[in-house]
Every structure is written in structure tokens, then in C-alpha cells.
Amino acid sequence: MALDSRSSGGATPDSAYRITDVHIHIQPWRQLKPAAMEAMRRGKEEHFEFLLALMDDPTLLLRILDEQGIRRVGLVNYPSERVMGFTDATNEFAVRYAATDPARLLPYGGVDPTTTRDATGAVEHLVDMGVRVLKLHPPHQGFAANDYTRGLTALADIYRACEARGLPVMVHTGTSIFPGARSKYGNPMELDDVAIDFPDLQLIMAHGGRPLYMAEAFFILRRHPRVWLDLSGIPPKNVLEYFPRIAEISTKLLWGTDWPSPGVTSMRKNVEQFVALPLTDSVKRAALEENPERLLPT
Ligand SMILES: [Zn+2]
């Protein structure tokens, strides 16, 4: 069967962990620009119609989560009109989708600092809507994560408002394969400024700078107490090649898969590969279960 997520025949996997996947892509894919849609479709042509339907119907996702033994998921959404085609309506989409089961579906939203006219008000609105994490995507939105030090004041307003309201900020780091994405903005070293200037902000570093900037990522993660590592986008079986000393940052690990982005066929398969790594059970439990529940309480 083409889609791994439907291949378990309804049997519930016996899971030793209460898993939160902090990073999956449930987004209004029908808004994707043609070139982005093509990149998204590549490699999953056979079940792309199913994935489009999944973006319209939360009950389909909940069934997949049951089949795969995943307790909660973070629904990554952010506006990116120029590269992806997503407008601010992506925020309402996430909240509406998650309303079907708010205990299991965590809506994320975003504000584009390069286009917003009222960054503080936009963050307040997201909090009032029930958004759980604010996502920034520098390569898709066209700025560096510390560009407030060079005059992008809306970006400082976003960080300040999130810090004040206790809203965690997830920042994409590393490369992106979508046409028009500027991967030079993927260097996690930019988060050094952010963590210094907004010391109470909870910062989630998505993807650990992979595949180019892991040394910078590890430095930032060890240096700043409120920076977390979202493991999504790193092939789980290669995690120890990317981060050989990952056990030293076990209190900052957040499990994530990036499903169903290019190359990620099943949330469960990634969990199984991660659990098979030669790490202690306490490190695995911290990433899959304890840390996500600390940052994003149930
Ligand atoms: Zn992602």
C-alpha cells in the first residue's frame, strides 16, 4: 500500500510512550503556489489526493494518530505568500482544524514580520484564538531570525509579545527545498541574539540546522536555557551522526517528524527508528513524552 499511515489495518500499535509529535504539516495545501505544490507532490503522487483530503478533514488525521499510537500533534502553520502561497488565513485554518479535538491537535500560527502592520496586535490575536506556538520561517518569509538588530522592528515586537504572553516561538533552521526558499536564513547562530535579547522567551529550534549548521545548533542549545531542539526533519536513524552528544541536551529535546513533508512517509516509522537508537530510555522518554508535555502542557 502506498501510504504507510493507512497500512496498519486499524490495529493500535502497542506504544511504550505517550507521544507528542511537535511538528507535522497540516496546512491549507490547496492554497499552495504551483511550484510549491509540485515540490510537495513529488514522491507522494500516488496518495496526494488523500493528503489533500486529510487537510480538509480532521477526523482522518485522528484516525491515523490512533492507528499509529501518536497522542498529540502540533499543526505547523505560518503565512508565506511569496514562497508557499499561504495567507494569514492559515491561522484560522489551524484553529478551526484543531477544534475537533483540542487535547490532541495543537494549532500553530504565524505572523510575517516583513508584511505585518501591527505585529503586537497580531500576536495578541493568535493567543486569543488559542494558538499554542508561533512559527517563524526565515527562509520562506525572507529575513534572518535576528534582523530586528538591523531595523526589522516588527520582528522584535513579535518576540516581545510572545515573551510577555508565554507563547513559544518555533524557528525553522537549516535548508528548505521549496522553490524560492532562501536557505542562507537557516543558520541557527541567529538565535544567539534572540535568546540574549528575549531571555524569558521559549524558543524552539526546528530541525537543528540540518544538514549544514549542526555545530552552531548544538552550541546555541547548550548555551541558552530556553532554547529547545525540535528533532523533525532529521532522519531519525541518523540523529546520532548529526548530534553525537545529544544525550547532553536531553532536557531540551522535542520529538517531531515533519510528516508528510518530502521524504517523511509515516510518523510511526520515524518513532520506531528513533526508539531503536542506542540511547537510554530516559533520553527517549524525555524527547517523546516529558519535554513536549512540559513546554506544551495538556
Ligand atoms: Zn516543517
Side-chain angles (χ1 to χ4, degrees), residues 3-6 8 13 15 17-29 32 36 39-40 43-44 47-48 50-78 80 84 86 90-91 93-110 131-135 137 140 168 170-172 174 176 178 204-208 210 228-236 253-274 287-289 291-293 295-296 298:
L3 186 66
D4 290 358
S5 56
R6 289 187 295 176
S8 66
S15 182
Y17 303 99
R18 209 168 54 225
I19 296 165
T20 299
D21 183 332
V22 302
H23 192 134
I24 71 168
H25 284 272
I26 296 293
Q27 294 166 301
W29 279 11
L32 284 168
M40 201 66 104
K44 38 187 185 279
H47 56 269
F48 199 68
F50 173 79
L51 290 175
L52 284 174
L54 176 69
M55 305 304 162
D56 299 331
D57 185 356
T59 64
L60 286 178
L61 177 63
L62 288 165
R63 199 185 315 149
I64 291 170
L65 298 183
D66 287 342
E67 287 173 4
Q68 301 201 0
I70 310 294
R71 183 171 177 234
R72 302 191 302 164
V73 285
L75 313 176
V76 173
N77 276 274
Y78 55 95
S80 168
M84 301 298 282
F86 298 129
T90 196
N91 297 327
F93 164 87
V95 169
R96 207 178 329 113
Y97 195 98
T100 304
D101 192 345
R104 302 184 71 188
L105 309 178
L106 313 181
Y108 298 2
V131 160
R132 301 291 302 271
V133 169
L134 184 140
K135 169 78 185 274
H137 202 308
H140 288 183
M170 173 184 281
V171 182
H172 175 100
S176 169
F178 288 97
I204 305 168
M205 179 199 293
H207 319 312
R210 65 90 185 91
W228 307 73
L229 173 59
D230 155 10
L231 289 159
S232 68
I234 303 169
L253 304 177
L254 301 171
W255 178 247
T257 61
D258 224 12
W259 182 81
S261 282
V264 187
T265 55
S266 147
M267 290 177 275
R268 187 75 217 171
K269 194 161 96 187
N270 279 33
V271 169
E272 284 164 4
Q273 290 179 352
F274 180 69
L288 293 164
E289 182 176 310
N291 299 338
E293 290 184 4
L295 180 65
L296 300 164
T298 50

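The first residue of the sequence shown is numbered 1, and numbering continues consecutively from there. Keep in mind that the numbers below use all heavy atoms, side chains included, and drop hydrogens, waters and symmetry copies. Note that the coordinates shown come from a computational prediction; the quantities given were computed from them, not determined experimentally.
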Under a 4.5 Å cut-off applied to non-hydrogen side-chain atoms, are [X] and [Y] in contact?
| X | Y | result |
| --- | --- | --- |
| Met84 | Tyr78 | yes |
| Leu253 | Asp230 | no |
| Leu295 | Val133 | no |
| Phe86 | Pro28 | yes |
| Arg132 | Leu75 | no |

Side chain to side chain contact (heavy atoms under 4.5 Å, CB included) between Tyr17 and Val271, intermediate numbers included
CA-CA 10 Å; Tyr17 303 99; Val271 169; 5.6 Å; no

Roughly how far, to the nearest 0.5 Å, is the [atom2] atom of [Y] from the [atom1] atom of [X]?
| X | Y | atom1 | atom2 | value |
| --- | --- | --- | --- | --- |
| Lys135 | Met170 | NZ | CE | 6.0 Å |
| Ser266 | Ile70 | OG | CD1 | 8.0 Å |
| Glu293 | Ile19 | CD | CD1 | 11.0 Å |
| Met267 | Trp259 | CE | CH2 | 4.0 Å |
| Thr59 | Leu54 | OG1 | CG | 9.5 Å |
| Leu231 | Met205 | CG | CE | 11.5 Å |

Whether the side chain of [X] engages the backbone of [Y] through a donor-acceptor N/O pair (distance < 3.5 Å, no angle test) should be reported.
| X | Y | answer |
| --- | --- | --- |
| Gln27 | Asn77 | no |
| Lys44 | Met40 | yes |
| Arg72 | Pro102 | no |

With under 30° as parallel and over 60° as perpendicular, where do the rings of Phe178 and His140 fit, or are they tilted in between?
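Correct class here is perpendicular.
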
On the 0 to 90° scale, with breaks at 30° and 60°, tag the Phe274-Trp255 ring pair as parallel, tilted or perpendicular.
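Judged by the thresholds at 30° and 60°, the geometry between Phe274 and Trp255 is tilted.
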
Set of residues satisfying salt bridge (charged side-chain N to carboxylate O under 4.0 Å, His left out) with respect to Asp57, sequence neighbours excluded:
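Residues passing salt bridge (charged side-chain N to carboxylate O under 4.0 Å, His left out) with Asp57: none at all.
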
Among Leu296, Asn291, Thr20, find the one that has a side chain to side chain contact (heavy atoms under 4.5 Å, CB included) with Leu254.
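The passing option is Asn291.
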
Checking side chain to side chain contact (heavy atoms under 4.5 Å, CB included) against Tyr108, which of Ile24, Asn91, Val22 comes through?
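That would be Val22; it is the only one of Ile24, Asn91, Val22 passing the side chain to side chain contact (heavy atoms under 4.5 Å, CB included) with Tyr108.
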
Can you confirm if the aromatic rings of Phe48 and Trp29 lie within a centre distance of less than 6.0 Å?
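Yes, close enough.
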
Considering all heavy atoms of both residues, which atom of Ala39 and which atom of Pro262 are nearest to each other, and what is their separation?
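Residues Ala39 and Pro262, closest heavy atoms: O-CG, 3.9 Å.
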
For Pro58 versus Thr100, what's the shortest heavy-atom pair and its separation?
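Smallest heavy-atom distance, with atoms named: CG-OG1, 3.3 Å.
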
Does this structure show an ion pair linking Glu67 with Arg268, if we count only N-O contacts that are shorter than 4.0 Å?
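Result for this pair is no, no salt bridge flagged.
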
Quick one, Leu65 with Leu105, criterion side chain to side chain contact (heavy atoms under 4.5 Å, CB included). Give me CA distance, side-chain angles, the key distance, then yes/no.
CA-CA 10 Å; Leu65 298 183; Leu105 309 178; 4.0 Å; yes

Using side chain to side chain contact (heavy atoms under 4.5 Å, CB included), reason through Val73 and Leu106 one step at a time and then give a plain yes or no.
CA-CA 6 Å; Val73 285; Leu106 313 181; over 6 Å; no

Less than 3.5 Å apart, any donor N or O on the side chain of Thr257 or Asn270 sitting next to an acceptor on the other?
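Judged by distance alone, the side chains do not pair up.
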
Against His137, only a single residue in His207, His172, His23, His25 fulfils ring pair (Phe, Tyr, Trp, His ring centres under 6.0 Å); can you say which?
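With His137 as partner, ring pair (Phe, Tyr, Trp, His ring centres under 6.0 Å) holds for just one option, His172.
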
